[in-house]
Amino acid sequence: MISKPPGIEDIFPDRGVLWDNILGRFRLVLNGANYREIIVPVMEFTEVFSRGIGDDTDIVSKEMFTFEDRGGRSLTLRPEGTAGVVRAFVENGDYNRLALSKFFYSGAMFRAEKPQKGRLRQFNQFGAEVFGSSNPFHDFELIWIINEVSRGLGIPRYEILLNSIGCRKCRPDYTGKLKEYYSQHIDSLCKDCSRRLETNPLRLLDCKEKGCRELRSNAPEITTHLCGECEEHFKEVRGYLDGAGIDYVLDPFLVRGLDYYTKTTFEFSSDLLGSQSAFAGGGRYDHLVEKFGGKPTPAVGFAAGIERIMLLLENEEIPKPGLDAFVVYSGEEARALAVKMVNELRAKGFSIDFEPDPKGFKAQMKKANRDGAEVALIMGEDELAQGTVTVKNLKTGEQGMVSLDKGIYESLWSHIGPLKNE
Ligand code: HAM
């Protein structure tokens, strides 16, 4: 037996229903807010991520699946969606065509992390990115969207963490203060943080090492160092959230593990997930488009982790996949009619199946029940002789005869139609 590599999951149809629900709800809410789907590649030149996410981040320095193609160019399986969407946006000149672009995407992401519950090497995100507006409404809109999806799915318990990490104007003053603070504790820092203290002090705030975590609690807070513009922006985001009645918790150390953020950062977190508590996160990134060679274009986005949301919904009742009908037959002549019926009803949009290998009546009924069919359409010798079909409701056990005179579809619609429209 060949097994799958560590940190990679197979998802079978029983959990697939939940998967569809989650993706379907994101799609519905995002389409409703005028977002449109963009499909970008799973692999990019490595530079897309090193330039986009930042060389000092854990993702780029430790977690990427990078390899050379046959021509010796360095390629990487995407560890997240934003950098690739920005690359596509700039490469296709979209910033010249559209004043405001709102995209969503979904798909597999890859990070070489140590696998544990909720932390995979291949996982799936549903994300959205807005280009071309610095209006704080969009920061709020994205948080509203995740909140709406989370409520709609019935995620039992979660909180929204919110912060602003300033801009090019106010951040240098803050990182200066951070450097000052951490320099006094240099002996307690991990090896990575001693190095990052010089190259990228903000990263010290999301270090997961115990010693660095402890030091963080007394570190200076960014929110007291924001410039007037960032302060106003942050106030407006909070105002929209308050107006919509969405609760949040201010977390002055929420810098998130990617270098591109400016101003707003946010995370949806649930203690039900244990140590990998974040199931969605995002923020504003007003300079990334420029960094990829586009003209200055403010942007904001989020991504949610599908597998983590599935974990949160594990104890909820999952609807089973089902069928409208299952055709049960006996004999060659009835089998030919069953094939015709299956084809005709599938073309009309019914979900319907049958067993092409002739089996006993009992075995076919067992399969009809196991596959979650609403009704069994039974064709035995009697039915054939009379030109009828027995329709048996598998939930209530009720059954009745339907004449095939008017054609299969018309005759059965009266029985299955109401069930379909319920
Ligand atoms: P992120 O916080 O790195 O942000 O990832 C977003 C979500 O992906 C996380 O909240 C988590 O649910 C899920 N996730 C991340 N790593 C793993 C993993 N190893 N296993 C399972 N799930 C995981 C981003 O990726 C940004 N691109 C979000 C963004 C979009 N910011 C602006 N626009």
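Whatever order the structure lists them in is the order used to number ligands and atoms, beginning at 1. Just so it is clear, the structure is predicted and the values come from calculations on it, not from any experiment.
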*When you look for protein heavy atoms under 4.0 Å from ligand 1, which residues do they belong to?*
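Only Glu80, Thr82, Arg111, Glu113, Gly118, Arg119, Leu120, Phe123, Gln125, Glu129, Arg256, Leu258, Tyr260, Tyr261, Ala278, Phe279, Ala280, Gly281, Gly282, Gly283, Tyr285, Gly301, Phe302, Ala303, Gly305, Arg308 have heavy atoms that fall under 4.0 Å of ligand 1, ordered by chain and number.
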[X] [atom1] to [Y] [atom2] distance, which is reported to the nearest 0.5 Å:
X: Ile146; Y: Phe268; atom1: CD1; atom2: CZ; value: 4.5 Å
X: Asp251; Y: Arg256; atom1: CG; atom2: CZ; value: 11.5 Å
X: His138; Y: Ile145; atom1: NE2; atom2: CD1; value: 10.5 Å

_Against the six-membered ring of Tyr240, is Arg238 placed for a cation-pi contact (under 6.0 Å from the centre, within 45° of the normal)?_
no
*Side-chain (Thr264) to main-chain (Ser164) donor-acceptor, under 3.5 angstrom*: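 Checking the backbone N and O of Ser164 against the side chain of Thr264, no donor-acceptor pair under 3.5 Å is found.
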*asked:* Just checking Phe126 against Phe104, ring centres under 6.0 Å apart?
replied: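 Between Phe126 and Phe104, the centre distance is under 6.0 Å.
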